[in-house]
Structures are given as structure tokens and as C-alpha cells.
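Below is one structure, written out as C-alpha cells; comments come after it.
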There are 2 protein chains.
Amino acid sequence: MNRSPLSESVEMYLKALVELSDREMVAIGRLADRLGVTAVSANEMVKRLGEQGLVKHTPYKGVALTKKGRDAACNILRRQRLWECFLYDHLKIEWTQLYEYACSLEHATAPEVTEALAAFLGNPQTCPRGNPIPAADGSFAPLNGIPLGELDTGRAATILAVNATATEVIKHLYDRNLLPGHKVTVLEAAPLQGPLTLRVDGKDVALGLALAEYIIVSR
Amino acid sequence: MNRSPLSESVEMYLKALVELSDREMVAIGRLADRLGVTAVSANEMVKRLGEQGLVKHTPYKGVALTKKGRDAACNILRRQRLWECFLYDHLKIEWTQLYEYACSLEHATAPEVTEALAAFLGNPQTCPRGNPIPAADGSFAPLNGIPLGELDTGRAATILAVNATATEVIKHLYDRNLLPGHKVTVLEAAPLQGPLTLRVDGKDVALGLALAEYIIVSR
DNA sequence: AATTATCATAAGGTCAACCTTATTATCTTT
DNA sequence: AAAGATAATAAGGTTGACCTTATGATAATT
């Protein structure tokens, strides 16, 4: 029922929130980091989002999406991921650029176009980056996986999804074959937040913990 | 070589200019009207466009695109019209909504995506609204037609393109079968800028002169 | 030539989304 | 309990793209 057109900025905030919502409460600092804005700016925006009822901010605790906000965010994810499918499967756009290009298109997509696109694509359930595509009503089953950083040493797992958003980060992961469907084993976790040593496709790869957070693997 | 990303607003101005450029010089008033802004705002923007070398403004005479501006504008038209093809042929979007939806997408389309889309569509030459699609290098042959308002009374002609941009106007024309490929005859032109009486698909239709300007017919 | 319409420009205002700098609160950790 | 880290808020600035109101300048019409 909420047909007020959200601004591009607002959409980015909502998307970031839903993508960061492993834990319920998202610290404003993390949000600001992901969006590449200052904490002050993020604070201002969160205030505005709160006024629109999209978000609940508990000072010193964090931000959480409301029902309304989560619905809006799922819709945004749906549009974005449908575009990723189209760009990858039909336009043959490079995997590393999918997020960036789909993100731009997403903001410019009317509901009618979204649904027509979904039908054209045959209502896919998963985007090329491994993430589930929310249904038109906003419902979707989150991935049943854990960040690579939490995988036990020695355990092999399959990559389910790659959630990085910065194209340079995506490229970095792509170059190391850290892609959905590939198998990884954590050989070693260096102390003091040091890098992980991974075994991917028969090669050893060192990966910073921050990067490992972006990779969701099966349990 | 000009890879500075043009703002959405700038793109709208350039597009309006190229679409209005039957005559070389476009009056700022007409430009403002088409974009739905005040003449003062249009003036300000034209000044900025001039500073970027996209446009030449001769006071009290009008605005004209420079080479650089025209190239940029053709690129924009290309993107927009390719999207129209996709939306119509593949997503089965209603004809009356094509312009609006394609316009939004156009602003969000990277060059790489544009070219991939063109390839996917088989490099179409014409969009569903009848307009030619500029080539990747910006070249395109303008339609060899005249506005319906200039067609001699009694002469039959074929509609080549419909150039209206406001969805309500497009709907109005669509409801009267004023669509590319259809035949029209001007039965009568009322005096004092009065409406035209047309024969379209066996029916008589009254059409204001302003609307007739949007319809390009064969000579 | 005079009137009217259009066009240009000046001045000042709004709004969203950013920014910096600085101060104050709270939380966490030692 | 004190210190350091993180978070919130206040104050003020910038930018792009609009807006209104008002005043000149030119063009077109009578």
C-alpha cells in the first residue's frame, strides 16, 4: 500500500540494512561504512527513515527494519536480483559487474516492469551471485549458511553466495575462484584477526577476515 | 571521449533538445514546456549546459546542440529506444507505457549494458514508437516525414512515428489508433488553430494541432 | 512607432543528501 | 571505576536542480 516512491538513497539504505541483517540490530557505523558515507550522514538518514516508519532506531543499540521497511527492502532486492539474472543469462555481462549494473537498473524499475521481467525470466529463485530472489509478496527464505569466517578449520564447505558490493572486492574474489558452487576448505586461521588460508580448486588462497564475511558457505 | 557521467536532468534536457530539433534553434520556452519546468529554470540549466560545451545559446534566438551535445543526445536516444524494444517485444509492456519506463531505465544504463542489449535484440533499427535507433557511433538517419499538422488536407499518409512523451498524451493518441503504420487522412483543418478532423481506420477523429505536432507521417 | 509577448537575468528561497568540526553520551574493556 | 572506543547530536556548509518574484531587453504585431 506504500506507493510513495522511495529515493535512490533511501533504497540504498534499505538494501544495505537487509543485507547486513544477520544480526537483528545494525550499528550505524557499519551501515555508514557499507554505504561509503560518514556516520553523521547515516545518522541523519536513519532519522528520516524512522520518520517514514521504515526503520526503528534504538540509540546506542542499532537500527532495525520495521515490517514496512523490510517489505520495501525485499522488493528492492527482488528487482536487483532479477536484473542480475537478466544481465548474466541474456546479456552475458561479466559476473564481476553484475552487482553494479543491476543496482543502477533496480532504482529505475517500476513494479509492472519488475513483474514482467520475472515472468520473462521464468521466475528464477536464485540470482547468479547465489542469493535467493524474494517473491513478489516479499517473502523469501534466507540462505541457510554461515559466513566463511565462521567455518571450522579443516571443514570443507560449498560457497552458496557472494555478497560483496564493491566491484573491486568482487573482482578480487572472482580472481580467486571464490564463487557460488565452488568448494572451500579453511586450512588455517591466523591469530589476531589475521587472514584465513583457504584451499579453493586445488590452490591455496589467503583471504582477509573482512572479505571472508562476504562469502556465505553451507554448514 | 567525454565520459563524465551526465546527470539525469542533463540527459533529459539533451533528449528534449534533440527531439525538438526539427528547426535548428529551440526556443527556451518550448524546452521549458516540454520538460515541465519554468523558463527561468530552463535558462539556468542551459547556461550550465553551455559551460560544459554541450549547447550553444544565442540570446533571443534559441538553443542548439553542439557536436558534443548532439553525440551525447544520440547516445541517450539509443539507450532509450533499445529499452523500448526490449520492454515491448520481450516483456510485453503496454505500448502506452513504453516511453515512461524506457526513460527511467535509460538513465541507469552503462555503455557496456547498452551494447549488450543491442546485441541481444539483434541490433534493431527502429523502436516500437516508430523512431530510428541511432547506431553506437551516434549516426542515424532522421525520419523522412512531416508533422501531421503540415499534411495537406485530403492527402492520405502513413504514420511513421509518435513522439509524444507524456503518458496521458500517448494514451489519448493510442485510443484513437494514431499509431505507427496506420493510415490517416486530414479531412479538414478548422481555422484559427482549430482542431484537425482526421480519418483513421474508418473513423473520424478530432485532434488538436498541438497533438498533431507529435505525429510524424510520410510525405 | 507603439504595444504586447516573449526572453533574459538578477536576487533570494527550498529541499535532499551529502559534508566537516566539535561536543556529549553511552558502552565496553581493562 | 577509569579509560578508550563507539555512537549521537548540534551547528553550519556545499551542491544540483528546482522555485518565485521582479526587472530589463528584444522581437513580433498591429
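Chain letters run A, B, ... following the sequence lines, proteins first, then strands; residues in each count from 1.
A straight line from CD of Glu8(B) to P of dA17(C) spans 14 Å, rounded to a whole angstrom. Rounding to whole angstrom units, CE of residue Met45(B) and C1' of dC19(D) are separated by 14 Å. Protein atom CG of Leu31(A) is 13 Å distant from nucleotide atom C1' of dA7(D), rounded to whole Å. One atom, CG of Leu14(B), and another, P of dA17(D), lie 11 Å apart when rounded to the nearest Å. Distance, Arg30(B) CZ to dA5(C) P: 20 Å, rounded to whole Å. With rounding to whole Å, His57(B) atom NE2 is found 12 Å from dT6(C) atom C1'. Computed from coordinates, the Glu44(A) CD to dT21(C) C1' distance equals 13 Å when rounded to whole Å. Across the protein-nucleic acid pair, Met25(B) atom CE and dT6(C) atom P stand 20 Å apart, rounded to whole Å.
When the nucleotides dT26(C), dT9(C), dT20(C) are ranked by their closest atom to the side chain of Tyr60(A), dT26(C) comes out on top. Taking every side-chain heavy atom of Arg48(B) into account, dA17(D) is the closest of dA8(C), dA17(D), dA16(C). Minimum atom distance to the side chain of Tyr13(B) is reached by dC18(D), of the listed dC18(D), dA8(D), dT26(D). Proximity note for Val10(A) (side chain, C-beta onward) versus dA17(C), dA17(D), dA10(C): the nearest is dA17(C). For Val40(B), whose side chain is taken as the heavy atoms from C-beta onward, the closest listed nucleotide among dC18(D), dA8(D), dT9(C) is dT9(C). Side-chain atoms of Ser7(A) lie closest to dA17(C) of the nucleotides dC18(D), dC19(C), dA17(C).
Using a 4.0 Å heavy-atom criterion, one finds that Ala27(B) contacts the sugar-phosphate atoms exclusively.
Other residues, nucleotides and ligands contribute more than 12 heavy atoms inside 6.0 Å of the CZ atom of Phe120(A).
Mapped onto DNA chain C by nearest heavy atom, Gly29(B) and Lys47(B) fall at different nucleotides, with Gly29(B) at the one closer to the 5' end. Checking Val37(A) against Pro59(A), the closest nucleotide of DNA chain C that is more toward the 5' end is the one next to Val37(A).
Dashed line: the shortest gap from a side-chain N or O of Ser9(B) to OP1 or OP2 of dC18(D) is under 4.0 Å.
When only modelled atom types and interatomic distance are considered, Glu112(A) and Tyr101(B) share a side-chain donor-acceptor pair under 3.5 Å. When only modelled atom types and interatomic distance are considered, Arg129(A) and Asn163(A) share no side-chain donor-acceptor pair under 3.5 Å.
Looking at Arg34(A) and Glu19(A), a side-chain N of the basic residue comes within less than 4.0 Å of a carboxylate O on the acidic one, giving a salt bridge. For Arg155(B) and Glu150(B), the salt-bridge test fails: no basic side-chain N is under 4.0 Å from an acidic carboxylate O.
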